[in-house]
Amino acid sequence: MTKSEPVRSLLFQSLSSRPNTLFSRPICHSCCRKLAGRSALYARGGGISFPTRTLQTQALLEEVVPFRKQLKDEAKRKRAALSGNGAKKKSTDKELISNWELTVGIELHAELNTAKKLFSSAATSISDEPNSHVALFDAAFPGSQPHFQKETLLPALRAAIALNCKIQRRSTFDRKHYFYQDQPAGYQITQYYEPFAKDGHITLYTHDGIDPADAPSITIPIKQIQMEQDTAKTLYQPPSTYLLDFNRVSHPLIEIISMPAIHHPATAAAYVRKIQSILKSVDAATAGMEVGGLRADVNVSIRRRKDQHGEDERAGHSYSGFKGLGQRTEIKNLSSLRAVSDAIAIERSRQIAVLESGGTIEGETRGFTLGSSETRKLRSKEGEIDYRYMPDPDIAPVVIGEDLVQHLRDTLPALPDDVMDSLVKDGVSMKDAKTLLSLEDGDRLDYYYDVVHELTIIFEIDGKKPPKKMGRIVANWVIHELGALLTTTESNFTPDLVPASSLALILEPLLHKQITNDIARFLFSRNLHWAHSREPIPSVPEIIDAEGLRLQSLSEAVYEQIAKPLLDENPKMVKAIKEKGQTGKIMWFVGQMMRGSDEGKQGKLEAKRAEEVVRRLIGVEGGKER
Ligand SMILES: Nc1ncnc2c1ncn2[C@@H]1O[C@H](COP(=O)(O)OP(=O)(O)OP(=O)(O)O)[C@@H](O)[C@H]1O
Ligand SMILES: [Mg+2]
Ligand SMILES: [Mg+2]
């Protein structure tokens with residue numbers, strides 16, 4: 001919003017006036033980003049660049065190998081060293097891992113889906129021109145005051161309710177002090193002493209991708225959720241330039257803190273994935289990990305398994321009632337599910353190696369780059385800054401009424417678990433239900449519902465009951481048939497590619513066996529073609545009628561003509577069915593009819609009628625209603 005000169009010159013000053021030597025110690029959450037005294041800094045506002053490189057930095061730059069390259073080279077070297085004795089190492093690793101119990105606690109930072117920033121009326125934006133939405137307070141202009149934007153509470157509350165937290169009637173904001181170039185005030189406003197939500201939990205199931213050892217489900221307690229400000233975004237321009245985009249400064253965040261109750265890397269990733277989908281489903285946070293909308297800090301410790309060495313062998317650390325934990329290290333700022341599980345597994349191996357060789361684990365903050373074979377020390381506990389938390393004197397306590405909480409509870413959108421249950425009830429397989437929930441951030445699921453809705457209306461108008469397998473068939477088309485078509489036409493999914501109403505008009509005659517699968521596919525691809533060519537589209541029923549695509553129901557005689565030769569060729573099977581009552585073999589004949597005949601291949605045969613004919617010809621009546 002404010003594009004005024006004072007703010008721009010402030011951005012310039014706030015960077016250039018700070019001695020660069022301070023950067024040699026990266027501080028706090030998003031800070032473990034590679035800066036460490038190596039970079040030139042620029043703040044760019046509205047297309048203007050302000051060079052702010054200090055003399056010290058200039059001197060350093062001359063001899064510096066870019067940090068990212070150093071990491072890559074190191075990882076390459078490590079991988080090469082490991083590859084020589086890979087197989088043997090893997091089996092010893094497994095043995096060692098089984099002696100130690102891993103414990104993980106996760107801090108998740110999610111950008112809330114709000115129009116305004118946390119303490120100013122500047123707009124939140126992730127794609128606008130850099131530094132175009134910066135209020136005086138966001139840039140820490142002296143004398144500027146925070147104005148808490150109450151609306152930002154709503155998505156935070158929806159998230160907390162969805163994560164089963166107790167909403168605190170009164171919460172407060174505190175200052176967490178640290179210095180870094182992406183934090184203009186020199187402190188971050190967060191909720192340290194009295195967060196707005198506590199004591200939540202989520203349950204993860206096998207289909208969420210948890211480790212088999214946690215099957216069939218595991219409940220992870222959430223200690224608390226707090227609101228806080230985001231920091232500026234640092235844009236790295238190799239080899240040594242860092243640009244700062246202050247649009248992100250003070251974007252409202254929630255930090256979701258889990259208890260140390262996760263014991264497997266896969267479960268940790270499943271936890272993050274599930275929280276991401278819950279936040280999306282209640283419209284609390286929409287931006288995914290790939291754009292930095294969700295960032296994870298993982299805390300990792302290990303302890304010897306109880307059954308081998310007894311209670312007293314256990315380490316003596318504790319956290320919020322969880323006792324006997326090992327010393328934790330914290331790996332900051334992970335931005336993909338893969339990075340979460342890899343970093344944990346790699347850090348576990350490192351800690352095991354240290355303890356097995358008689359060493360001790362130091363409390364450290366570490367970093368991890370995806371693809372690397374190791375976590376990397378950023379700073380030790382002693383080097384840790386004292387955040388000097390203090391209540392923010394400029395922000396009044398937040399008081400949340402029970403009526404608001406109840407209203408949000410009553411109007412909360414369906415959560416992923418509920419959606420999954422209802423899809424499965426509609427006949428969708430668990431696998432397809434999961435796929436629907438995950439594709440295009442839920443857009444494919446919305447498309448599925450639109451198609452089902454359109455079909456329901458068609459059936460209502462026709463005065464018919466929707467067939468039981470409608471959900472399964474729609475899911476199949478929305479996922480697999482559409483997926484194949486998108487691949488062959490190299491298109492990306494959008495809901496208007498083949499409008500839901502058109503797909504419903506294709507599926508209605510298919511469900512009634514009035515057209516074959518092949519014809520339905522043909523109609524589907526024709527619709528997609530029209531969508532691309534932007535020609536006027538004839539309606540689906542018009543094409544079916546104009547081109548005579550509707551199936552005429554085949555006579556009993558045709559079914560018999562297909563079945564009889566099969567029965568004649570397989571007298572032993574017929575005997576087994578007739579004399580030994582092996583009726584399961586009837587479906588073998590049905591399968592042969594459906595797959596082996598021209599009519600079957602064209603989708604003109606109905607399995608149920610084929611079964612009836614086979615039973616009648618063999619003389620075995622009955623059969624399950626399908
Ligand atoms: N011994 C341990 N092993 C594994 N995880 C732990 C251990 N002790 C604490 N944790 C986890 O570490 C996290 C601590 O987060 P919290 O925000 O309370 O503190 P912090 O990391 O010191 O603060 P911040 O990083 O926000 O400045 C929690 O998720 C908790 O479950
Ligand atoms: Mg924390
Ligand atoms: Mg932490």
Side-chain angles (χ1 to χ4, degrees), residues 26-32 100-110 163 165 173-180 183 187-202 219-231 253-265 267-268 271-272 275 294-304 314-334 340 343-345 347-348 350-352 355 360-368 375 378-389:
I27 300 161
C28 193
H29 68 118
S30 36
C31 328
C32 352
W100 296 90
E101 184 186 52
L102 168 75
T103 299
V104 175
I106 299 181
E107 298 158 80
L108 269 178
H109 303 265
L163 297 173
C165 288
F173 283 99
D174 310 293
R175 294 181 180 181
K176 174 183 180 180
H177 297 85
Y178 65 89
F179 178 81
Y180 201 62
Q183 177 64 274
Y187 59 83
Q188 178 192 30
I189 302 175
T190 179
Q191 297 194 298
Y192 182 71
Y193 295 109
E194 293 183 67
F196 80 100
K198 291 184 185 170
D199 300 333
H201 65 265
I202 62 165
T219 295
I220 312 289
I222 290 168
K223 178 175 183 262
Q224 66 183 58
I225 306 183
Q226 60 211 32
M227 288 187 87
E228 57 190 35
Q229 301 170 294
D230 206 346
T231 53
L253 290 181
I254 45 174
E255 178 176 340
I256 304 163
I257 305 174
S258 89
M259 288 295 191
I262 300 169
H263 300 291
H264 300 277
T267 302
Y271 168 84
V272 175
I275 293 218
L294 188 71
R295 286 159 266 157
D297 299 344
V298 296
N299 298 268
V300 179
S301 67
I302 56 164
R303 58 185 176 188
R304 267 194 199 281
R314 301 194 143 201
H317 294 268
S318 64
Y319 181 84
S320 260
F322 283 71
K323 297 195 179 103
L325 300 170
Q327 168 68 53
R328 74 165 158 140
T329 58
E330 181 169 357
I331 308 159
K332 294 251 188 203
N333 224 15
L334 302 171
V340 166
I344 293 170
E347 177 60 9
R348 168 175 60 185
R350 185 192 73 83
Q351 292 190 7
I352 291 175
L355 293 181
T360 47
I361 302 299
E362 302 295 334
E364 287 169 345
T365 299
R366 302 181 70 87
F368 176 72
T375 62
L378 294 167
R379 58 183 190 270
S380 65
K381 230 5 184 194
E382 300 80 61
E384 204 90 321
I385 189 163
D386 173 1
Y387 290 133
R388 292 172 290 123
Y389 283 103

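Whatever order the structure lists ligands and atoms in, that order sets their numbers, starting from 1.
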Q) Which ligand 1 atoms are under 4.0 Å away from a heavy-atom of Ile257? A) 15 (O), 17 (O), 28 (C), 29 (O)
**Q.** Per atom 19 (O) of ligand 1, closest listed option by heavy atom (Arg328, Glu228, Arg303)
**A.** Arg328
Q: Establish, from distance only, whether the side-chain atoms of Glu255 and Thr190 form a donor-acceptor pair under 3.5 Å.
A: no
Q: Kindly give the heavy-atom pair with the smallest separation between Tyr187 and Gln229, and that separation in Å.
A: O-OE1, 4.2 Å
**Q.** Geometric class of the Tyr387/Tyr178 ring pair [parallel <30°, tilted 30-60°, perpendicular >60°]
**A.** perpendicular
Q: Could you tell me which atoms of ligand 1, counted from 1 in the order shown, lie closer than 4.0 angstrom to a heavy atom of Lys332?
A: 25 (O)
Q. Sub-3.5 Å donor-acceptor pair from the side chain of Ser258 to the main-chain atoms of Ile106, do we have one?
A. yes
Q: Test Trp100 against Gln351 for side chain to side chain contact (heavy atoms under 4.5 Å, CB included), laying out the working first.
A: CA-CA 10 Å; Trp100 296 90; Gln351 292 190 7; over 6 Å; no
Q: Under the ring pair (Phe, Tyr, Trp, His ring centres under 6.0 Å) rule, collect the residues that match up with Phe368, sequence neighbours excluded.
A: none
(Q) Which atom name does Glu330 have for its N/O/S atom nearest to the Mg ion (ligand 3)? (A) OE2
**Q.** Glu330 neighbourhood, listing ligand 1 atoms whose heavy-atom distance to it stays under 4.0 Å
**A.** 21 (O), 25 (O)
Q: Specify whether an N/O/S atom of Glu107 falls short of 2.8 Å from the Mg ion (ligand 2).
A: yes
(Q) Does ligand 1 come near enough to Glu107 that some N or O of the ligand is less than 3.5 Å from an N or O of the residue? (A) yes
Q | Contact with ligand 1 for Gln327, non-hydrogen, under 4.0 angstrom | A | no
Q) Does any N, O or S atom of Asp297, backbone or side chain, fall under 2.8 Å from the Mg ion (ligand 3)? A) no
Q. Does an N or O from Gly326, backbone or side chain, lie closer than 3.5 Å to an N or O of ligand 1?
A. yes
Q. Looking at Met259, which atoms of ligand 1 are within less than 4.0 Å of one of its heavy atoms?
A. 31 (O)
Q: For Gly105, take its heavy atoms, then give the atoms of ligand 1 lying under 4.0 Å from any of them.
A: 5 (N), 11 (C), 29 (O), 31 (O)
Q) Does a donor on one side chain sit under 3.5 Å from an acceptor on the other, for His109 and Asn333? A) no
Q: Under 4.0 Å from a heavy atom of Lys176: give me the atoms of ligand 1 that qualify, with their elements.
A: 24 (P), 26 (O), 27 (O)
Q | Contact (N/O only, under 3.5 Å) between Asp297 and ligand 1 | A | no
Q: State, to 0.1 Å, how close Tyr319 and Ile257 come at their nearest heavy-atom pair, and which atoms those are.
A: OH-CG2, 3.5 Å
Q. Minimum heavy-atom separation for Arg366 to Glu347, with atom names?
A. NE-OE1, 3.4 Å
Q. Which heavy atom in Ile361 sits nearest to a heavy atom in Gln327, and how many Å separate them?
A. O-CG, 3.4 Å
**Q.** Gly326 versus Arg303, closest heavy-atom pair with distance
**A.** N-CB, 4.5 Å
Q: For Phe322 and ligand 1, answer yes if some heavy atom of the residue is under 4.0 Å from a ligand atom, otherwise no.
A: no
Q) Which ligand 1 atoms does Ile106 reach within 4.0 Å, using its non-hydrogen atoms? A) 29 (O)
Q. By number and element, which atoms of ligand 1 are closer than 4.0 Å to a non-hydrogen atom of Leu325?
A. 1 (N), 2 (C)
Q.
Which atom name does Glu255 have for its N/O/S atom nearest to the Mg ion (ligand 2)?
A. OE2
Q) At under 4.0 Å between heavy atoms, which part of Lys223 makes contact with ligand 1: side chain, backbone, both or neither? A) neither
